[in-house]
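In this text the structure is predicted, and so the values were computed from the model without any measurement.
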2 protein chains.
Amino acid sequence: MEEKRIRRQSLYDVIRSDIVFGRLKPGEKLKATDLRARYDASVSTVREVLNRLASEGFVFAREQYGFSVAPMSESGLRELADLRILLENHALEQSIITGGTEWEAGVIAAHHRLQRMEQRRASGDQSVVEIWKRYDWEFHQSLISACGSEELMALHGTVFDKYLRYQMLYLSYRGEVAEREHRELLEAALVKDTQKARQILTRHITSGVEHALSAIRK
Amino acid sequence: MEEKRIRRQSLYDVIRSDIVFGRLKPGEKLKATDLRARYDASVSTVREVLNRLASEGFVFAREQYGFSVAPMSESGLRELADLRILLENHALEQSIITGGTEWEAGVIAAHHRLQRMEQRRASGDQSVVEIWKRYDWEFHQSLISACGSEELMALHGTVFDKYLRYQMLYLSYRGEVAEREHRELLEAALVKDTQKARQILTRHITSGVEHALSAIRK
DNA sequence: GCTGGCATAGTAATCGATTTTCCTCAAGCG
DNA sequence: CGCTTGAGGAAAATCGATTACTATGCCAGC
């Protein structure tokens, strides 16, 4: 039962992931003809994908100049972190208020998957980075999944990945600390303590930013 | 001095505006070949534009099915309104705190332009609707322009337009009331009263939603 | 020696044609 | 009679070629 994907979708996934995980460097020029060869697709298909990525902010586009990987900056990181705090805190609070048993079950399951990967990552297994980060994404998404707004969730999902790109750039790994924060976040959510949950989440993100910035300054 | 635009950009503007102002109905199928004739462009160009609009949420896309104008629903309106309140309140507060004289000047100028159009609209001139709404957009953007986050402003800009689409659908016109709220918003911002400004803005949006929903229920 | 314009090459933008996929409908079989 | 299956057509996805633009560098004139 092989999953059949159209070329555009798989191309989109590959390029997006190449950008998020740094295989395509910030500022790097994305020539349609080069990508055509590299990814084995026609210019039209490549351009469709680049247009999508451009409107999401992963790719920078200028008329008559073409496409390049979106640049990164310290202010970019701060902006995205602030935005994530704003969106995710709000969604989290709503979600805790309205979430029922099904939501709780989903959150616990997502946390379990994440935790397993965190352990493998902690034991030095570098190969699981992408899967680990996907589970990270899924855990945070599951936490806010009862917020009642698909628009909000979609927005958060994109912001999360744009923020993740910075974590990957700075090779920011906080191991045990982030692991504990996830656990605390889970607990606060399950006992419906919105204020505590907001507090932990804010710290989770803020200290992540500080950690990344201090790492790059050395 | 004729402005030279590339085809894709002008096509994007036209289709986007056609969707926002309801000339393309929600759910309407967007066949590439039809659009090709209607807007005089090739399928590739049309598809590039539709991909962009899809990732912004104005167009709905499904594999092997093609594109259609994004559907609209009451919950969609509520979600976008909530999102706009969240984003704009936050940005407004930051902007009031950091904004200096230049920011104040920009806000006053934007409000003046908006007010002039509000007057023309109030006197029954239906032809200015699009310009009027553009000035509305610009006024709100200028208010948050000192928030320090380009990401936030870009996000707000898109959300504003998606919300505007609902106002256009419901033909929601609050005339004098909205005019007064804009004036109050300007005043609160200039005297740096963040709490008052947040309060007015929240009411501005909330009552706009209520007005629209009560109109459709008759 | 410097500047301004023109030729040229490289790349982006656009195009129409071709291939692939999906849906419909009807005929054949159980 | 109902279900499966395959032919046919419509529309989406993909393609390579063509056109348009821009930047680079060379040459002529000042």
Side-chain angles (χ1 to χ4, degrees), chain A residues 1-19 23-72 154, chain B residues 1-19 23-72 154:
Chain A
M1 180 79 78
E2 182 60 30
E3 182 70 28
K4 185 103 129 306
R5 318 276 309 287
I6 63 177
R7 195 180 277 302
R8 170 165 54 90
Q9 191 59 31
S10 61
L11 183 62
Y12 171 86
D13 291 341
V14 172
I15 296 184
R16 192 181 200 272
S17 153
D18 281 353
I19 292 174
R23 288 181 291 270
L24 288 170
K25 305 293 177 206
E28 190 173 337
K29 189 78 206 294
L30 296 169
K31 293 184 204 169
T33 31
D34 288 1
L35 296 180
R36 192 189 164 295
R38 174 167 176 175
Y39 296 112
D40 187 37
S42 77
V43 282
S44 312
T45 307
V46 170
R47 285 182 58 89
E48 281 187 28
V49 168
L50 290 178
N51 266 290
R52 261 201 136 103
L53 290 168
S55 103
E56 288 180 79
F58 290 103
V59 160
F60 173 75
R62 218 184 68 200
E63 288 185 13
Q64 301 298 352
Y65 164 82
F67 302 89
S68 55
V69 180
M72 297 175 86
Chain B
M1 180 80 77
E2 180 61 29
E3 182 69 29
K4 182 103 123 314
R5 317 277 310 287
I6 64 176
R7 188 170 230 81
R8 170 165 54 89
Q9 191 58 32
S10 63
L11 183 62
Y12 171 86
D13 291 341
V14 172
I15 297 184
R16 193 181 199 273
S17 153
D18 280 353
I19 292 174
R23 287 181 292 270
L24 287 170
K25 305 294 178 203
E28 189 173 337
K29 190 75 206 297
L30 296 169
K31 293 183 204 171
T33 31
D34 288 1
L35 296 180
R36 192 189 165 296
R38 175 167 174 175
Y39 295 111
D40 186 37
S42 77
V43 281
S44 311
T45 308
V46 169
R47 283 182 59 89
E48 281 188 28
V49 168
L50 290 178
N51 266 291
R52 264 204 134 101
L53 290 168
S55 102
E56 288 181 77
F58 290 103
V59 160
F60 173 75
R62 219 184 67 199
E63 289 185 12
Q64 302 298 353
Y65 164 82
F67 302 90
S68 55
V69 180
M72 297 174 86

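If you measure from atom CG of Leu35(B) to atom C1' of dA11(D), you get 13 Å, rounded to the nearest angstrom. One atom, CD of Gln9(A), and another, P of dT14(D), lie 10 Å apart when rounded to the nearest Å. Regarding Arg36(A), its CZ atom lies at a distance of 11 Å from the C1' atom of dT14(D), rounded to whole Å. As rounded to whole Å, 12 Å separates atom P of dA11(D) from atom OH of Tyr65(B). Between Glu48(B) atom CD and dA12(C) atom P there is a gap of 12 Å when expressed in whole angstrom units. Distance Glu63(A) CD to dA20(D) P: 17 Å, rounded to the nearest Å. At whole-Å resolution of the value, CZ in Phe67(B) and C1' in dA10(D) are 17 Å apart. Whole-Å rounding puts the Asp34(B) CG to dA11(D) P distance at 8 Å.
The side chain of Gln64(B) sits closest to dT21(C) out of dA13(C), dT11(C), dT21(C). Listed nucleotides dT11(C), dT14(D), dT14(C) differ in distance to Lys31(A); the shortest reach to its side chain belongs to dT11(C). Residue Ser44(B) places its side chain closer to dG16(C) than to any other of dG16(C), dA12(C), dT14(D). When the nucleotides dG16(C), dA17(D), dT11(C) are ranked by their closest atom to the side chain of Val43(A), dA17(D) comes out on top.
The shortest distance between the side-chain N/O atoms of Ser42(A) and the OP1/OP2 oxygens of dT14(D) is not below 4.0 Å. Residue Thr45(A) places none of its side-chain N or O atoms closer than 4.0 Å to OP1 or OP2 of dA13(D). Phosphate contact (OP1/OP2 of dA12(C), side-chain N/O of Arg8(B), threshold under 4.0 Å): absent. Note on Arg7(A): every side-chain N or O is 4.0 Å or more away from OP1 and OP2 of dT20(C). At dA13(D), one or more side-chain N or O atoms of Arg47(B) fall inside 4.0 Å of OP1 or OP2 (strictly under the cut-off).
Arg38(A) contributes atom CZ, which lies 7.5 Å from atom CG of Leu35(A) (distance to the nearest 0.5 angstrom). Residue Arg52(B) holds its CZ atom at 12.5 Å from CD of Glu48(A), rounded to the nearest 0.5 Å. Atom-to-atom distance recorded for Ser42(A):OG and Arg36(A):CZ is 7.0 Å, nearest 0.5 angstrom.
Using modelled atom types, no side-chain atom of Arg16(A) and backbone atom of Val49(A) make a donor-acceptor pair closer than 3.5 Å. No donor-acceptor distance shorter than 3.5 angstrom exists from the side chain of Arg8(A) to the backbone of Glu63(B), with no hydrogens or angles considered.
Nearest-nucleotide assignment on DNA chain D puts the 5′-proximal partner with Gly66(B), out of Ala41(A) and Gly66(B).
In terms of polar N and O atoms assigned as donor or acceptor, the side chain of Thr33(A) never comes within less than 3.5 Å of the base of dG10(C) in a complementary pairing.
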